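Read through the structure below, which is laid out as structure tokens, and then see the notes.
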Amino acid sequence: MSRLDETRAILRDLIAFPTVSADPNVEITVYLADRLSALGAHVELVTDRTGHKASLFARLGPEVAGGLLLSGHTDVVPVTDQAWSSDPFTLREEDGLLYGRGTCDMKGFVAACLAHAGSVDPDDLETPLYFAFTYDEEVGCLGARQLVDHLKGRALLPRLAVIGEPTEMRVIEGHKGCCEYTTVFSGLEGHGSAPDLGVNAIEFATRYAAKLLELREELKARAPTSCPFDPPWTTINLGRLSGGTVHNIIANHAELDWEMRPVQVEDEAYVKATLTSFAETELLPAMRAIHPGATIETTVIGEVAGLEPDKGNRTRDILLELTGANRAETVPFGTEAGLFQSLGMETVVCGPGSIEQAHKADEFISLSQLQACLDLLDRLVPRATRSA
């Protein structure tokens with residue numbers, strides 16, 4: 001069996017695990033652990049407090065400092081209300097394309113990693129080849145954040161890292177951070193004919209949303225000089241605003257989902273401080289003048305660091321040489337790369353498939369992209385696991 005055939009077979013198995021972020025992922029993680037253990041890898045499972053979610057961290061080769069990490073996430077986005085042409089959790093092949101939920105985002109890369117691992121003799125590695133497969137990337141990089149905390153302080157960690165998100169095998173050296181929040185407003189219910197006697201949570205939520213839109217414009221003027229991102233400033237998006245029950249009742253509850261994607265940590269701090277001051281000095285006093293129990297509470301859904309371009313990134317330099325690309329690029333979407341970079345790893349994003357197919361009905365990856373990934377791993381792993 002060729003390694004492309006093996007990759008296809010592994011991918012078929014992976015797609016059959018319906019690992020939507022809202023559901024457990026332990027079964028797919030055990031599957032991955034069993035395959036790597038059979039190859040002689042040292043495998044660790046890092047579970048969440050429920051025991052239903054797990055990340056995997058595995059090492060092939062000697063227990064020494066340095067080496068290369070290949071990383072991907074095992075969770076996928078939902079298929080609810082999407083018009084698929086076939087069962088999204090059964091791999092379908094047609095005209096050189098493999099269809100199924102997660103094929104490009106990002107089980108195709110995970111399958112290629114496992115197929116490649118089968119061709120590696122651990123005794124030939126001068127430094128280790130690591131694998132990290134995480135849970136709940138799609139809902140805030142929860143698994144990677146836990147895994148990074150688990151690894152902090154270790155003396156023996158990979159030096160180089162590739163996060164295999166779908167980039168069509170382009171080398172990505174930077175992306176913005178992603179910070180997601182839900183702000184909940186609790187007011188006082190009443191009859192719609194006497195709005196001054198209640199605290200309308202929707203009204204205060206809209207004022208908060210308006211402040212976010214003001215900040216969005218301010219942040220454009222704060223864009224760093226020669227910023228590599230597009231757009232070159234921190235962005236803010238309002239994702240969902242809901243509240244109330246019917247047209248003639250003062251709404252006592254409202255929720256606002258919003259996010260920002262900072263290009264610099266100073267912007268993140270500025271937005272948070274401005275919103276805290278606005279809530280405490282303007283909104284809450286007005287709400288509590290009528291109802292002392294009124295509240296505004298913000299929950300952090302996820303705060304994921306961006307991937308910062310680094311002049312001394314050896315992973316990038318090796319991949320540019322191997323791919324023949326003239327330069328590395330940046331992307332607007334977020335990944336787990338910044339988390340691994342925070343551990344001191346020289347990190348890039350590079351993987352098979354296109355982000356254009358991610359999260360859509362009839363998601364697919366091409367066999368040619370999987371072959372390109374396998375070919376690159378054949379050349380990358382020997383270079384990246386060589387002793388300095």
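No experiment lies behind these values; they were computed from the predicted model shown.
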Beyond-backbone contact of Val20 with Thr80, side-chain heavy atoms, under 4.5 angstrom:
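No - every pair of side-chain heavy atoms lies 4.5 Å or more apart.
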Looking at Leu256 and Ala205, what are the two nearest heavy atoms and their distance?
CD2-O, 4.3 Å
Determine yes or no for a side-chain-to-main-chain donor-acceptor pair under 3.5 angstrom, with Asp267 supplying the side chain and Pro262 the backbone.
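No.
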Is Arg101 reaching over with its side chain to a backbone N or O of Lys360, donor-acceptor style, under 3.5 angstrom?
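Yes, Arg101 side chain to Lys360 backbone: donor-acceptor pair under 3.5 Å.
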Answer yes or no: is there an ion pair linking [X] with [Y], defined by an N-O contact shorter than 4.0 Å?
X      : Y      : result
Glu268 : Lys272 : yes
Lys152 : Asp149 : yes
Arg222 : Glu266 : no

Run through Met345, Glu346, Glu173 and flag the one making a side chain to side chain contact (heavy atoms under 4.5 Å, CB included) with Thr315.
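So the option named by the test is Glu346.
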Can you tell which of Leu32, Leu36, Leu60, Asp34 makes a side chain to side chain contact (heavy atoms under 4.5 Å, CB included) with Val43?
Leu36
May I ask you to decide if the ring planes of Tyr130 and Phe57 are parallel, tilted or perpendicular, using 30° and 60° as cut-offs?
parallel
For [X], look at atom [atom1] and say whether over 12 heavy atoms of other residues, nucleotides or ligands are found less than 6.0 Å away.
X      : atom1 : result
Arg49  : CZ    : no
Glu308 : CD    : no
Glu27  : CD    : no

Consider only side-chain N and O atoms of Asp257 and Thr182, and report whether a donor and an acceptor are under 3.5 Å apart.
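Checked: Asp257/Thr182 side chains pair up, N/O donor to acceptor below 3.5 Å.
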Does the side chain of His73 pick up a donor-acceptor pair with the side chain of Asp105 at under 3.5 Å?
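Their side chains do contain a donor-acceptor pair, which is all the 3.5 Å distance test asks for.
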Using side chain to side chain donor-acceptor pair (under 3.5 Å), reason through Tyr135 and Asp48 one step at a time and then give a plain yes or no.
CA-CA 10 Å; Tyr135 68 86; Asp48 72 349; 4.8 Å; no
